[in-house]
Every structure is written in C-alpha cells, then in structure tokens.
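The shown structure was predicted, so the numbers you read here are calculated from the model rather than taken from an experiment.
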Amino acid sequence: CPCHTHSPQKRSELHSFSVRLNGELVPFLKHFSSLSVSGHSLVDSPLLPPECPSAGKMAGPLSSSDEKKRTVAYLYDADIGSYYYGQNHPMKPQRMRMAHELILSYELYSKMEVYEPHRALPAEIEEFHSPDYVDFLSKVTPEYAKGDWLNHMRNFGVGDDCPIFEGLFEFQASCSGASIDAAYLLNRGHADIAINWSGGLHHAKKSEASGFCYLNDIVLGILELLKYHARVMYIDIDIHHGDGVEEAFYCTNRVLTLSLHKFGDFFPGTGDLTDVGYGIGKHYSLNLPLNDGMDDASFLGLFKPVVRASVEKFRPEAIVLQCGADSLAGDRLGRFNLSIRGHAECLSFCRSFGVPLLILGGGGYTIRNVARCWAFETAAALGVEDQMPGEIPRHDSIQWYGPEFKLHLPISKTFPNLNTKEHLERLKMKALERLRYLEAAPGVEFAHVPPCFADYGLTFSRQLEGEEVASRGTSQHSVAGQQQNVRITAGSSGWGGSSTRGGVSSRMWPAGSRGTR
C-alpha cells in the first residue's frame with residue numbers, strides 16, 4: 001500500500017499529539033516540517049498514520065550501484081547537550097549539541113525529516129532493565145548519593161565511571177526514547193534510515209551501569225524493531241566491545257551481533273573470538289578482537305567482507321549500526337587510527353544493503369572530532385558526503401575547530417598498527433567459518449505483535465515468561481521470552497560484566513585523568 005503522506009502546508013496545520021497510556025496522556029514524537037538555523041523556528045506535527053510498515057524486507061547481495069535517495073529521519077532533543085557528568089569526566093554530552101550545530105550549519109537538516117523524541121517511560125525501559133534498577137536511577141540524586149544509597153550504588157555499578165549527576169535519569173531516558181522512536185519510524189515505513197546520535201550506550205546491563213552507560217538504548221531499540229522484523233543485525237564499530245548488547249541477545253537467533261573492537265588489557269575485557277553465543281543463539285555473536293593502531297585500510301579490509309557475508313547468510317530485515325567515534329585517530333581514550341572518511345565508509349557500506357537502518361552514536365572523547373565525524377556521517381546517510389565543503393561554516397561553536405577550521409584533518413598515527421596481515425586474515429577466515437554454522441534466515445512466526453506506546457487507544461501490557469539457561473562457567477542467567485519470541489538475558493553483569501576479568505581493569509578511564517577538548 002502507498003505510504004500516507006501530507007503536504008508541508010498540511011503538516012504545518014497539525015499539532016503534536018499525546019498517547020493515552022494507563023489512563024494518562026503521554027506526549028510522544030514531534031515532527032518538525034520546518035527548521036531555521038538562526039532562532040530554530042519549529043513547526044510540529046504528529047507522526048503520520050502507521051499504514052505501511054517495512055516488515056519482511058530482507059537484505060540481499062549488493063547491487064552494482066547504490067541508490068542514493070533515502071528518506072532519513074533525524075531525532076534530536078534540544079536539551080541533550082546540557083547535561084554534565086562532572087569535572088574531568090571524559091563523557092561530554094555537549095558533543096551531541098556540537099554535532100547538531102554542524103548539521104544545521106551545513107544545512108543537512110533541510111534534507112531530513114526532523115523529530116523531537118519523547119523521553120522513555122519507566123515501563124518502556126523495563127522492557128529490558130529490571131524494575132528495581134530503573135526505580136533507583138529515577139530517584140537517586142547527587143544529594144542522596146550517600147548513606148543508605150551507597151549500597152544501592154555499588155550493587156548497580158554506579159560510582160567512578162558512572163557517577164550520579166543532576167538530571168541523570170532524564171538524560172538517559174531521552175537517549176533511550178530517541179532510539180525507541182527511531183525504531184518506531186523504521187517499523188512504520190516513515191523512514192528508510194533513522195539517526196539518533198545521543199544513542200549507542202552499549203555497555204549498560206540489565207541491572208548495572210557500566211562504561212558511562214546507564215540505560216541500554218540499543219537493546220530497547222532492537223526490541224522495538226523485533227516487533228516487526230524477524231531478524232535484526234547489530235554492528236558495533238566503537239573501539240570498546242559492545243558487551244551490553246551482546247549479552248542481551250546472547251541466547252537468541254533473531255539478533256546477529258558483530259563487534260570490531262580493541263581487545264586485551266582494555267575495557268571491558270570481553271569480546272574474544274571464542275565468544276559466539278549460547279543455546280539457540282550459538283554462532284549469532286561475532287567478535288573481531290583487534291590490536292592497537294587499526295587504520296582505514298586494515299579496518300575496512302576486515303569490515304566489508306565479514307559484514308557482506310553476514311548479511312548474505314543471516315538476511316537481516318533491519319540493521320542497527322553503532323558509530324562510536326572513539327575509534328577515530330586522536331581520540332582521548334582510543335588507540336586506533338581511523339579517519340572520519342574511513343569511519344563513515346562503514347556507514348555507507350551498511351546503507352548500500354537497502355534495508356531499514358538505525359544509526360546510533362556511542363563513544364568518542366575528543367569532542368570536536370566526534371562532532372566532525374557525526375556531521376559527516378549524517379551526510380553519508382543522506383548520500384551527499386561528497387558535497388560537504390571542507391571548510392567548517394561559521395556558527396556559534398566555530399572556536400572549537402581552530403586553528404584549522406577544517407572538516408577533515410591529517411591523520412597523525414599516534415599508535416603503530418600492531419595488526420599484521422596474517423592476524424587480520426586469520427580473524428576474517430574464522431568469522432567466515434563461523435557464519436557457515438548459522439541457520440540461513442531463521443524463520444519466526446508472528447502470532448502477535450506487542451503494542452507500541454505510540455499506538456492510539458492501546459494499553460501496554462507486559463506478558464513475559466521466564467526460563468533458566470546455563471551460561472558459561474557456573475553462572476545462571478534467566479531468559480525472558482516475549483510474545484514474539486524475543487529473548488534477552490536478564491543477568492545483571494553478564495559474562496563478567498564490568499567486574500575485573502583476566503586482569504583487565506573495570507575502569508573505562510584512569511582515575512585522575514584530566515578533561516580535555
């Protein structure tokens with residue numbers, strides 16, 4: 001059926017809407033049909049009627065030429081850059097605002113559908129996270145982070161890497177809400193590609209904060225996608241292993257996770273080549289552990305053949321790409337030598353498969369380079385990256401990009417490339433061999449699609465059934481199966497979680513590090 005559309009004139013006459021949830025009106029997604037750089041004049045309208053979901057569209061082999069035109073949805077909360085982890089902490093939400101300002105300055109917004117996302121509700125968050133953990137995060141404040149709260153903080157992994165700061169829950173709920181909304185737009189066919197640069201918080205566990213991440217927006221977004229898509233592929237190019245997402249889907253064959261990351265004496269210490277999944281999820285977790293100094297040629301030479309083979313075997317109906325920018329050269333916490341163009345080439349490659357694509361942020365701690373990267377990757381999502389001027393346009397934050405004021409900078413290879421051709425070839429062959437064990441496009445029966453919070457007149461109900469499965473070693477992890485057979489592990493710390501593993505520190509950054517730009 002053709003998608004339901006409105007003209008811009010009609011959109012401007014519509015108003016933002018609310019959803020009735022358990023008798024209470026909850027504001028959902030605002031759609032902006034116009035946006036000006038100066039003054040940010042916004043005209044809002046509701047999400048279009050859900051008449052044309054994208055379910056059932058499977059990725060196939062690459063065509064000889066990638067169709068450039070895509071409908072791209074961009075989700076941004078104007079308050080997202082105002083939160084503050086604390087003095088000297090490397091995580092700076094300001095980087096999202098800086099990326100947004102570049103996107104405005106390059107006038108990329110005019111080529112996209114711009115949305116203001118909703119803030120995820122506790123009931124939505126509890127689709128993955130445990131209720132007691134969500135309740136703790138929603139109540140704790142810097143003033144209360146003492147006394148009886150200290151035991152809860154230790155139990156929930158809150159402390160050094162993951163401090164309590166003003167607006168913590170609101171910030172994390174905004175990140176999660178944007179990923180859920182992005183998945184919703186893809187499900188309903190309102191976008192081919194959806195971008196949420198505030199998302200990508202891949203370390204958070206079911207009941208534990210880890211690596212600057214408190215709520216796992218990626219897992220929540222994938223669960224939303226699984227309501228309409230039988231198979232989802234998750235790809236992580238952050239320099240750190242995507243442990244929280246892998247753990248969540250470790251026991252299912254509906255989500256294929258692939259992570260390319262630095263491995264060894266490096267946070268979180270997980271993601272070995274032998275970590276392949278469990279039970280029916282065995283072989284549906286792929287890890288490519290790398291050494292210091294990965295450059296564009298080495299990274300793409302491994303990324304492209306493995307991703308292509310994974311897509312051709314697994315046949316995902318949607319792809320989620322975590323674009324952590326700490327794999328860029330010069331990152332404060334990173335040890336790779338990727339350029340912005342090389343990083344963005346991963347996005348363009350995933351885009352070329354032509355299936356719904358959810359693009360998320362992630363790590364990145366030299367914030368001026370994070371903003372450069374995500375602005376350029378927004379252009380890559382639109383297929384206009386070749387038209388991006390090299391000079392950064394004048395805007396309120398132009399001083400951050402001096403003295404060069406360039407979008408792309410020369411790569412100074414701080415770390416020698418310790419990834420030999422033999423090592424990379426061995427990784428590639430191991431990954432391709434593992435893919436032979438995958439069931440080609442495993443089938444899923446959809447007897448019922450769980451309601452979405454944004455659907456009119458629907459009351460959300462959670463119908464879960466529990467079962468126990470044995471994990472590696474002696475740990476036990478419960479598995480929750482939703483009505484559509486989505487399986488997520490309920491272990492709070494997973495296979496080692498954020499605790500010390502094999503001598504690897506549980507800290508993501510060294511104590512006493514001083515903050516830098």
Side-chain angles (χ1 to χ4, degrees), residues 32 34-42 72 74-112 114-117 165-167 171 174-175 178 195-200 212 323-334 339-341 343-344 359-382 384-385 387-411 514-517:
F32 302 128
S34 68
L35 177 68
S36 66
V37 179
S38 59
H40 301 275
S41 173
L42 303 177
V72 178
Y74 172 71
L75 296 97
Y76 179 74
D77 182 339
D79 296 327
I80 203 69
S82 302
Y83 298 95
Y84 183 56
Y85 273 63
Q87 186 176 11
N88 298 331
H89 198 289
M91 176 61 98
K92 309 290 185 185
Q94 178 188 355
R95 65 204 178 125
M96 274 91 77
R97 177 189 293 150
M98 291 172 61
H100 179 69
E101 289 173 346
L102 281 184
I103 289 167
L104 293 179
S105 298
Y106 277 109
E107 299 187 357
L108 297 173
Y109 71 91
S110 63
K111 300 175 175 64
M112 301 186 289
V114 181
Y115 294 89
E116 180 184 5
F165 57 88
E166 195 68 39
F171 170 63
S174 293
C175 298
I195 301 172
N196 170 29
W197 292 126
S198 70
F212 315 160
C323 297
D326 48 8
S327 49
L328 293 175
D331 188 79
R332 177 181 168 188
L333 300 186
S339 70
I340 289 174
R341 285 190 176 91
H343 199 271
I359 299 171
L360 303 172
Y365 308 101
T366 303
I367 61 176
R368 59 186 181 273
N369 290 343
V370 176
R372 285 179 167 111
C373 179
W374 288 348
F376 185 74
E377 290 183 331
T378 300
L382 289 162
V384 297
E385 66 274 24
Q387 303 170 29
M388 290 276 279
E391 298 282 341
I392 291 180
R394 285 198 168 275
H395 64 288
D396 290 344
S397 299
I398 187 67
Q399 72 276 6
W400 282 91
Y401 305 98
E404 303 88 355
F405 303 105
K406 302 286 188 181
L407 183 61
H408 299 281
L409 300 178
I411 300 300
R514 298 213 38 97
T516 68
R517 303 203 299 179

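Across all non-hydrogen atoms, the minimal contact from Cys175 to Ser198 is SG-O, 3.3 Å. Listed here is the closest heavy atom pair of Leu75 and Pro117: CD2-CB, 4.1 Å. When all heavy atoms of Lys111 and Glu107 are compared, the pair lying nearest together is NZ-O, 3.8 Å. Summarising the geometry of Ser174 relative to Ile80, their closest heavy-atom pair is CB-CD1, 3.9 Å, with the distance given to 0.1 Å. Listed here is the closest heavy atom pair of Met96 and Trp197: CG-O, 3.8 Å. In terms of heavy-atom proximity, Ile411 sits nearest to Ala329 at CG2-CB, 3.8 Å.
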Practice task
Might you work through the side chain to side chain contact (heavy atoms under 4.5 Å, CB included) test for Leu108 and Val384, ending with a clear yes or no?
Solution key: CA-CA 9 Å; Leu108 297 173; Val384 297; 4.1 Å; yes
Practice task
Take Gln94 and Trp400 through the test side chain to side chain contact (heavy atoms under 4.5 Å, CB included) and record every step on the way to the result.
Solution key: CA-CA 12 Å; Gln94 178 188 355; Trp400 282 91; 3.2 Å; yes
Problem - Verdict with reasoning, Leu382 to Met112, per side chain to side chain contact (heavy atoms under 4.5 Å, CB included) - result: CA-CA 8 Å; Leu382 289 162; Met112 301 186 289; 3.6 Å; yes
Exercise for the section: Applying side chain to side chain contact (heavy atoms under 4.5 Å, CB included), run through Asp79 and Phe171 and close with a yes or a no. Expected result: CA-CA 9 Å; Asp79 296 327; Phe171 170 63; over 6 Å; no
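Side chain of Trp374 to backbone of Cys323: a donor-acceptor contact under 3.5 angstrom is found. No donor-acceptor distance shorter than 3.5 angstrom exists from the side chain of Tyr401 to the backbone of Pro393, with no hydrogens or angles considered. For the pair Tyr85 (side chain) and Asn88 (backbone), a donor-acceptor distance under 3.5 Å is absent. With hydrogens and angles disregarded, a donor-acceptor distance shorter than 3.5 Å links the side chain of Asp331 to the backbone of Tyr365. Panel note: side chain Ser105, backbone His395; no donor-acceptor pair is recorded below 3.5 Å.
Between Glu116 atom CD and Asp77 atom CG the span is 6.0 Å, to the nearest 0.5 Å. Tyr106 contributes atom OH, which lies 13.0 Å from atom CD of Gln387 (distance to the nearest 0.5 angstrom). Rounded to the nearest 0.5 angstrom, Glu101 CD and Ile398 CD1 are separated by 10.5 Å. Rounding to the nearest 0.5 Å places CG of Leu104 at 7.0 Å from OH of Tyr109. Distance check, rounded to the nearest 0.5 Å: SG of Cys373 to CG of Leu407 gives 9.5 Å. How far CZ of Arg394 is from CD of Gln399: 10.5 Å, rounded to the nearest 0.5 Å.
Checking Arg368 against Ser397 by side-chain atom types alone, no donor-acceptor pair falls below 3.5 Å.
Taking the six-membered ring wherever Trp is involved, the centroid distance between the rings of His343 and Phe376 does not fall below 6.0 Å.
For the side-chain contact (heavy atoms from CB on, under 4.5 Å) test with Arg372, the passing option among Leu409, Thr366, Leu328 is Leu409; the others fail.
In this pair, Tyr76 and Tyr74 present their aromatic rings parallel. The plane angle is below 30°, not in the 30 to 60° band.
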